[in-house]
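Just so we're clear, the structure is a prediction, and the values are computed from it rather than from any experiment.
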Amino acid sequence: RGFDTTVIEARDGIGGVWRLDKTGEHVGVRREQRATSSKYYLGFSDFPIPDSAPDFVSHEEYLAYLEDYAERFGIKSCMRFGHSTVAVRRSALPGGGWEVDVVSGRRKETLRFDAVAVCSGLHTEPDFPPKGSPTPPKGFKARVVHARELKDARNTLKGKRIIVVGGGETGAELAHVAAEVGSEPALMSLRRGITVIGPYLPLPLADRVPDARTPPVDLNERRVLSLLPHPLKHFIFTRDKEGVFALRDQNPGKHTLGHLLDRCAAALGSLMIVPFFIAGNVAADICQEVAHPLFWSSSKPPFREPNGSELSKEMQKATCLPATPPVRLQRDTQQLLEYTKRATWFRMQGYTSWHYQQVRSLLEEFSGARHTQNFLTKSDDFIYNLLDHSLELRPGISSYEGTNTVVFDDGTRADIDIVVWCTGYQPKVPFLADLLGKDGGGDCHASGSVDACDSRLDGQELFKNVFHPKLGESFAFIGFARPQLGAMPPLAELQARWFGAVLDGEAKLPPAEKMEAEMVTD
């Protein structure tokens with residue numbers, strides 16, 4: 001759109017949380033981390049991730065993609081790396097706009113802009129220790145850390161007695177790592193159940209074949225589903241008694257009139273549909289044969305005439321393959337090999353998809369919410385660790401005792417070496433303190449130019465997850481909306497396009513009062 005754009009970036013390169021930071025100064029990925037959203041949702045529309053990449057890319061592969069994107073569109077020329085933003089405020093100069101205080105080393109400067117897009121994201125300040133969590137007593141020697149500190153989780157946790165607190169994406173991944181490298185069965189602490197859907201739908205590892213027939217789970221998202229009421233969506237996803245999301249018999253929610261009627265209707269429907277399938281297959285065979293030119297030939301020998309030359313020619317055609325297999329075939333084959341090894345082990349232990357379904361259904365049964373109202377955990381490797389008892393489930397932590405003892409809510413105890421809290425991040429942006437309150441996160445007891453009680457930055461107090469009614473159309477939050485299923489890049493791209501259209505005059509925002517009223521409705 002021709003805007004003169006400047007990007008202020010605190011780190012020494014692009015990538016944000018996808019850039020591995022060994023110093024611990026910045027929030028970032030772990031050494032062994034892979035994306036839990038598929039590449040189809042991580043790429044931007046004008047520069048898709050290459051088809052040769054695996055469905056779920058590593059952090060190195062995604063960082064390389066972002067580097068290629070920046071190179072392709074010449075973005076680096078407008079980036080100022082190694083510059084930290086410390087404050088943003090309204091400009092008092094004629095013409096208005098915004099003043100941004102920036103620090104680089106010992107140098108501090110104030111830059112002025114007509115518009116500001118905050119793209120720092122939600123992963124800046126760890127929610128640690130979380131509200132209501134116990135405090136270790138003096139002399140407690142076991143480490144109590146936030147997941148952010150584990151940049152090299154496998155080496156840090158190797159040989160340790162471990163508790164992982166939380167069941168989100170990070171908690172599920174670290175629980176799996178802890179189960180693999182810990183000295184004893186690792187412990188996973190949960191106060192409530194979680195909804196696990198796995199990376200592929202609908203099959204668990206034992207039955208999974210990652211090829212074109214088994215797309216990543218986030219490709220199953222449909223706009224029409226988001227328009228349905230939660231009770232109906234929950235019924236749709238849990239209705240099939242043989243499906244992965246089937247409810248256990250012990251779950252009261254399974255024994256309802258709706259599920260009974262559905263089972264009866266499914267049985268009657270099968271009796272009606274099967275004859276049509278049989279007739280359809282017969283009709284297809286007939287049409288295929290009568291359409292073949294040789295079918296109407298009056299003289300057809302049962303075999304072709306013996307002819308070595310013709311056989312040689314036909315064989316060359318039949319076996320003529322490209323020197324290099326298609327990139328998709330290479331990718332699918334590599335993924336198939338990886339999953340086949342794990343699935344073979346799973347089967348050899350005597351487990352089936354039924355065991356997987358039971359564990360997953362049990363976790364959701366105690367989540368306290370419907371299937372479609374929970375955040376979805378796509379990392380499901382820890383389920384297999386629960387099945388082989390290299391990982392054990394425990395309730396929440398109530399207190400610490402002695403030098404290394406953890407007491408759980410049910411009174412049980414465990415001696416440990418490290419407690420890893422996977423409790424996420426607080427929706428705060430410290431450099432917006434002048435605008436949003438004392439800490440830039442909506443402290444209701446702070447003072448600021450915007451009502452601090454109305455300043456949460458997780459999208460819930462923003463108009464369409466982008467604009468704050470009291471900051472105007474020249475100030476936007478990009479990438480502060482987290483989808484239940486999918487990834488942030490597509491949302492951030494749409495938000496950025498909308499912001500650009502507003503600045504260019506192609507789109508208009510409603511008055512602040514109307515925005516606030518619509519936010520209540522949303």
Assess whether a salt bridge exists between [X] and [Y], defined as any Lys/Arg side-chain N lying under 4.0 Å from an Asp/Glu carboxylate O.
{"X": "Glu32", "Y": "Arg154", "answer": "no"}
{"X": "Glu9", "Y": "Arg19", "answer": "no"}
{"X": "Lys76", "Y": "Glu67", "answer": "yes"}
{"X": "Glu518", "Y": "Lys514", "answer": "no"}
{"X": "Glu125", "Y": "Arg148", "answer": "no"}

For residues [X] and [Y], determine if any side-chain heavy atom of one lies less than 4.5 Å from a side-chain heavy atom of the other.
{"X": "Glu493", "Y": "Arg497", "value": "yes"}
{"X": "Tyr65", "Y": "Leu42", "value": "no"}
{"X": "Thr156", "Y": "Arg143", "value": "yes"}
{"X": "Lys464", "Y": "Gln495", "value": "no"}
{"X": "Pro199", "Y": "Asp380", "value": "yes"}
{"X": "Ile8", "Y": "Phe431", "value": "no"}
{"X": "Phe480", "Y": "Val429", "value": "yes"}
{"X": "Ile478", "Y": "Val466", "value": "yes"}

Taking all non-hydrogen atoms of both residues into account, name the closest pair between Ile383 and Val196 and its distance.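 Looking at all heavy atoms of both residues, the shortest contact is CD1-CG1, 3.9 Å.
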Can you see whether Ser379 engages Glu173 through a side-chain donor-acceptor pair at a distance of less than 3.5 angstrom?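 On atom types as modelled, these side chains qualify, holding a pair under 3.5 Å.
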Under 3.5 Å, is there a donor-acceptor pair between the Ser37 and Asp218 side chains?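 On atom types as modelled, these side chains do not qualify, holding no pair under 3.5 Å.
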For the backbone of Val407 and the side chain of Ser398, can you confirm whether one donor and one acceptor N or O come within less than 3.5 Å of each other?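 Indeed, once roles are kept as given, a pair shorter than 3.5 Å links the two residues.
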Quick one: list whatever passes side chain to side chain contact (heavy atoms under 4.5 Å, CB included) with Ser183, sequence neighbours left out.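 Only Arg161 meet the side chain to side chain contact (heavy atoms under 4.5 Å, CB included) criterion with Ser183.
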Using side chain to side chain contact (heavy atoms under 4.5 Å, CB included) as the criterion, list what pairs up with Arg191, not counting sequence neighbours.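 By the side chain to side chain contact (heavy atoms under 4.5 Å, CB included) rule, Arg191 matches Asp409.
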Identified ring-ring contact (aromatic ring centres under 6.0 Å, His included) counterpart of Phe475 within the set Phe113, Trp98, Phe463, Phe499: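 With Phe475 as partner, ring-ring contact (aromatic ring centres under 6.0 Å, His included) holds for just one option, Trp98.
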For Phe73, give me all partners under ring-ring contact (aromatic ring centres under 6.0 Å, His included), at least two apart in sequence or on another chain.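 Partners of Phe73 by the ring-ring contact (aromatic ring centres under 6.0 Å, His included) criterion, ordered by chain and then number, come out as Tyr69.
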With rounding to the nearest 0.5 Å, note down the distance linking CG in Asp51 to NZ in Lys39.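 NZ of Lys39 is found 4.5 Å from CG of Asp51.
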Measure the spacing between CD of Gln426 and CG of Asp127 and express it to the nearest 0.5 Å.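 Atom-to-atom, Gln426:CD and Asp127:CG are 4.5 Å apart.
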